[in-house]
Amino acid sequence: MEYKFNEIEKKWQDHWKASKAYKVSNDSDKPKYYVLDMFPYPSGSGLHVGHPLGYIASDIYSRYKRLKGFNVLHPMGFDSFGLPAEQYALETGQHPAETTKKNIATFKSQLDKIGFCYDWEREVQTSDPNYYKWTQWIFLQLYNSYFCNTQKKALPISLLVKKYETKGCNTFTAEEWNGYSKLQQEEILMNRRLAFSKFGEVNWCEALGTVLANDEVVNGVSERGGHPVEKKKMRQWYLRITAYADRLLEGLETVDFSESMKEMQRNWIGKSQGAEISFDIVNGELSMVNYEPSDNTAPFTIDHSPLTVYTTRPDTIFGVDFMVVAPELELVQQIKSAEQTAAVDEYIAYVKSRSDVDRMAEKKITGCFTGAYAVNPFDGKQIPIWISEYVLAGYGTGAIMAVPCGDERDFKFAQHFNIPITNIIGSYFDGTAANPTKEALLENSGFLNGVKMTEAAEIILQQLEEKGIGKRKVNYRMRDAGFSRQRYWGEPFPIIWNEGIAIPQDAATLPLELPHVDKYGPGPSGEGPLANITDWVQPGDLPPASGLPPASGLPPASAGGWKRETSTMPGYAGSSWYFLRYMDPNNANTFCDRKASDYWNQVDLYIGGTEHAVGHLLYSRLWTKVLYDLGLIGYDEPFKKLVNQGMITGKSFFFMLDNGGNKIISYSKENAANTTVRLKYGHQFVDNSGKLTKKNLEKQIADGLIELPRQEIVWEKEGDEEFVFVKEESEKMSKSKFNVDNPDELCDKYGADTFRMYEMFLGPVEASKPWDTKGIEGVHRFLRKLWRLFNDELKGKVWTDEKATDAELKIVHRTIKKIEEDTEKFSFNTAVSAFMICVNDLFDARCYKKEVLEKILILLVPYAPHIAEELWHQLGNEGSVLDAQYPVFNPALLVESTKEYPISINGKVRANLSLSLDLDQKQVEEIVLQNDVVIKWLEGKAPKKIIYVKNKMINVVV
RNA sequence: CCGGAUGUGGCGAAAUUGGCAGACGCACUAGACUUAGGAUCUAGCGGAGUAAUCCAUGUAGGUUCGACCCCUAUCAUCCGGACCA
């Protein structure tokens, strides 16, 4: 009987589906285990071989855990809201709901083909109204909460209102509060809500017609599509993630993520400790200046100290040679002197003309003196105040004190504008480059002379606080997360605007469904497509049908009283909590029953790519913390352990063009400046030395596998052979790069089991590696060999019921130990090797015994479920091999009484010696000294020392 | 420029974490059975040498009886953050 993998796999996949083999219950007395994959965005191009890498790993682990007696939750779903579907709709006119539905069907059939053990009854789709109903609901929880700075947690905003009504706060009394208009009160509350709306500078992308979050902007252009992004002032929704900065940092200590992943999140949060210091200003005409405080701080005003800078190095205050203020700050207008006004205005105009992209591309040193001076509070020195684009308005106070001897940028600026430099760090500063040391003993620093910098910081901080001109300050690089998009294909906000006041929709009327539209173009004045649907924006209904709370007392929209928010939520909204919905996917009464979330608890194992390090992972951690604070779930970190699968890169090949660009020549390093041309497909036809023969190329073109380049090829000749050299490069897989392999085809050709095992065999899950189908044959051979242990092509069944010998059991138990260890530590590539060794050994031993084979199948079922299930039944077993008893490793079988010890002399192995394991040091020494090889090497001299490491080796030191 | 990671055959990679480097697989070579084989089996496969043996884990040092593994310096590649004061 032959190994007909196609039939076998089809048979079992159908059977699993029909028998609901992977249905998971929330009610079980087994311990739980939750394995989660980062759910995919269902793009139009389907899965490529890179996608399933993580899915296969998680599938293996889930099946393994199930065999080990756990109730395993291993769900799958789709992150189905998002930009590409809408872009596609714009281009083709197809409704995103339609294309998304189609794409999901494709993805599901591809996934099923690989034989994953998902419980599809728990599938979630973020664009499904039954799902986004709860995304909207959680948004309302965020909207109705604030971050309490003393308890360091989210609390209902109603508590804050009560406090204001009865006690007031630092900035206003209860009487004042109660006297405020509704609008004033709402504005104050808006400044505290976790989901809030404000006018702010946003990353506006004209080409995409929407606002982007900071992590969606890379080097000044949009992450998706690479379109230019500009700053624009708009009313936007935000999540107050900055309030959680510290808890997001602390939480990292409690989870098992890779160090680099944690580091990336820490960098993104960018916590820095320093001080805000205020300087008096002279020579400008000013009284008191109100500047906008940095995010997330109470208004901070210091009388008669108008220039406040943020620094992490207060110890360098005597080295301040100039100040730099961000040109955008209002303060600049107030302090510029009459003589400098023209120059300052001209410079500001110049800065405005430069986009972020310009600034990133060419980093010029520019700036302008304002004519004003700040006064150093410690020595009275007058310090010129400059403006320059290198100081960012959005960070700290938007102003810095420049210490050229210690800061590279300040140094270059001082050099460029010939500002004299004060050296406060003595020999650490050589006049040619700044030195950011903290070790120097201060010089030229008044009362701090001779004090070590690390200690000086504390002294200065104390004096600043005493004098009331400064305070300690922690700053974060992270900004509040932009939460609205001027797009169609996302969750609508359950918010209704009335005269500048945001009114949350009555939760009982959710979901607020996305209305159907025919056009996806942007709405008026930067609004999204939803703004075009006037009868949705302002329906004539009265509450509650409109979703307005009954008590709002507002007139119907037809009277012009109110309108809906027209932007939609960003892609990360739905993905910030999906792991909770899997636990209780069909609950119509709540997002996830507390009983379900308590049972499944945290995700034990989360597998996905590194690309979500700062986006998705931070946002889902934030949402989890808020839900926890509000008592809706029982834990504040969603993912216990995170494994990042590496990216599988595709192999691309390039020809080189000659100088005219008309002819294709061999690739060579010497002409590296020449342009290259991509060989479209054909990576399997290039040999190891990078040679592509003419014969080969022509054959593949005839078979329709390669697209011929337009240019003429100049062949090189050697004997009869004509060929060109091509360059190989690993790149991210993408259709446009012609380097994609499709998992469906590989499953058809070799079978899903081979495909699964081969992806694992490729290398460690975490490592990035180039895709190469060449090795897949080897894995396929292994499975066929396994098959032949049960069935012979001619003889048919070969397995027997005979009892296994000790030698055979030894092979099995060695394998049990190895597979169990490797699976536990995610070393799937070595586990596959262990299977191969095991099957080879059994084959060599002609061991076809059921007793032995059965155990191997149980070990194998996580890796190659179809063949394992098939053979399991061929052995006459009932039920699924997944419900079998996991074989228990018996160490007694592997214990040996003697061992081959390598004997080395001065570390170099010279002989082997079989020794009994229960010998002691003395006995070993005696035996070793009688060994012929050792005697020869010793040449009659006594050895200095004999080192005997039990179970390992013996070393004779001469 | 800063941070993180990684450097082992022609290729993907192993190495019980300091103890015989290169398991397992691909590719390659020779042979067997075959009408044939892109099926299967056997043997070989880091480099030099007929051989004993010597040299090899990016490079240079160090610790150790013994180093792919630990320490120092240096180079290279990949990933992330980059005017954050």
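Numbered from 1 within each chain, the chains take letters A, B, ... in sequence-line order.
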Suppose you measure atom C1' in B:U34 against the same atom in B:G19; what distance do you get, rounded to whole Å?
48 Å
Students often get this wrong, so: under 4.0 angstrom with heavy atoms, is A:S260 touching a base, only sugar-phosphate, or nothing?
sugar-phosphate
Does any residue of residues 942-953 of chain A have a heavy atom under 4.0 Å from RNA chain B, and if so, which ones, in number order?
A:I947, A:V949, A:K952, A:M953
Closest approach to the side chain of A:R784, judged atom by atom: which nucleotide of B:G4, B:C20, B:A39 is it?
B:A39
Counting only side-chain heavy atoms from C-beta out, which of B:A39, B:C24, B:A85 sits nearest to A:T312?
B:A85
Could you tell me how far apart A:R477 (CZ) and B:G80 (C1') are, to the nearest whole angstrom?
12 Å
Starting at OH of A:Y758 and ending at P of B:G12, how long is that distance when rounded to a whole Å?
11 Å
Phosphate OP1/OP2 of B:C41: any A:R788 side-chain N/O under 4.0 Å:
yes
OP1 or OP2 of B:G25 less than 4.0 angstrom from a side-chain nitrogen or oxygen of A:N840, does that happen here?
yes
If you measure from the C1' atom in B:G31 to the same atom in B:A21, how many Å do you get, rounded?
30 Å
Phosphate-side-chain proximity, A:N829 and B:A14, N/O vs OP1/OP2 below 4.0 Å:
yes
How many angstroms lie between atom CD1 of A:I60 and atom OH of A:Y863, to the nearest 0.5 angstrom?
5.5 Å
For B:A85, take OP1 and OP2 only and decide whether either is under 4.0 Å from a side-chain N or O of A:S272.
yes
Under 3.5 Å, is there a donor-acceptor pair between the side chain of A:K944 and the main chain of A:V956?
no
Go through the side-chain N and O atoms of A:S827 and A:T830 and say whether any donor and acceptor fall under 3.5 Å apart.
yes
At under 4.0 Å between heavy atoms, what does A:K785 touch on the DNA or RNA strands: base, sugar-phosphate, or nothing?
sugar-phosphate
Can A:T397 and A:E276 be counted as having a side-chain donor-acceptor contact under 3.5 angstrom?
no
Between which residue ranges does RNA chain B form stems of three or more consecutive Watson-Crick or G-U wobble pairs, both distances under 3.5 Å?
B:1-7 with B:75-81, B:10-12 with B:24-26, B:28-32 with B:40-44, B:46-48 with B:53-55, B:58-62 with B:70-74
Have a look at A:D410 and say if it touches a base, only the backbone sugar-phosphate, or nothing, with a 4.0 Å heavy-atom cut-off.
nothing
Categorize A:D407 for me: base, sugar-phosphate, or nothing, with a 4.0 angstrom heavy-atom threshold over every strand shown.
nothing
Nearest to the side chain of A:M836, which nucleotide is it out of B:A14, B:C24, B:C55?
B:C24
Judged by each residue's nearest nucleotide on RNA chain B, which is more toward the 5′ side, A:V956 or A:R781?
A:R781
Does a side chain donor of either A:Y750 or A:N6 reach within less than 3.5 Å of an acceptor in the other side chain?
no
Could you verify whether a donor N or O on one side chain and an acceptor N or O on the other, from A:S272 and A:Y476, lie under 3.5 Å apart?
no
Distance check, C1' atoms only: B:C11 and B:G62, in whole angstrom units.
34 Å
Please measure how far the C1' atom in B:U74 lies from the corresponding atom in B:G7, and state the result in whole Å.
14 Å
Using O4'-C1'-N9-C4 for purines and O4'-C1'-N1-C2 for pyrimidines, with syn meaning within 90° of 0, is B:U17 syn or anti?
syn
Could you tell me whether A:K785 atom NZ has more than 12 heavy atoms of other residues or ligands within 6.0 Å of it?
yes
Test of understanding: with side-chain contact (heavy atoms from CB on, under 4.5 Å), list the residues that count as partners of A:E820, not counting sequence neighbours.
A:Y64, A:K68, A:I816, A:Y886
Can you tell me how far SG of A:C405 sits from CG of A:D410, rounded to the nearest 0.5 angstrom?
9.5 Å
Could you work out the separation of B:A15 and B:A23 based on their P atoms and round it to a whole Å?
13 Å
Any carboxylate oxygen within less than 4.0 angstrom of a Lys/Arg side-chain nitrogen, looking at A:K825 and A:E821?
no
Got A:H780 and A:Y758 here, is their nearest side-chain heavy-atom distance under 4.5 Å?
no
When the C1' atoms of B:G12 and B:U17 are compared, how many Å lie between them, rounded to an integer?
23 Å
Any side-chain N or O of A:Y390 below 4.0 angstrom from OP1/OP2 of B:A85?
no
What is the glycosidic conformation of B:G9: syn, defined as within 90° of 0, or anti?
syn
Using heavy-atom distances to pick each residue's nearest nucleotide on RNA chain B, tell me which of A:E259 and A:Y310 is more 5'.
A:E259
Select base, sugar-phosphate, or nothing to describe what A:R910 touches, counting heavy atoms under 4.0 Å on all strands.
sugar-phosphate
On a whole-Å scale, what distance lies between the C1' atoms belonging to B:G22 and B:C69?
15 Å
Let's see if you can work this out: which of B:C65, B:C20, B:U40 has an atom nearest to the side-chain heavy atoms of A:V909?
B:C20
Separation between the C1' atoms of B:A14 and B:U8, rounded to whole Å
10 Å
Counting neighbours of NZ on A:K412 that are heavy atoms of other residues, nucleotides or ligands and sit closer than 6.0 Å, is the number greater than 12?
no
Please tell me which of the listed nucleotides, B:G3, B:A85, B:G4, lies nearest to the side chain of A:L392?
B:A85
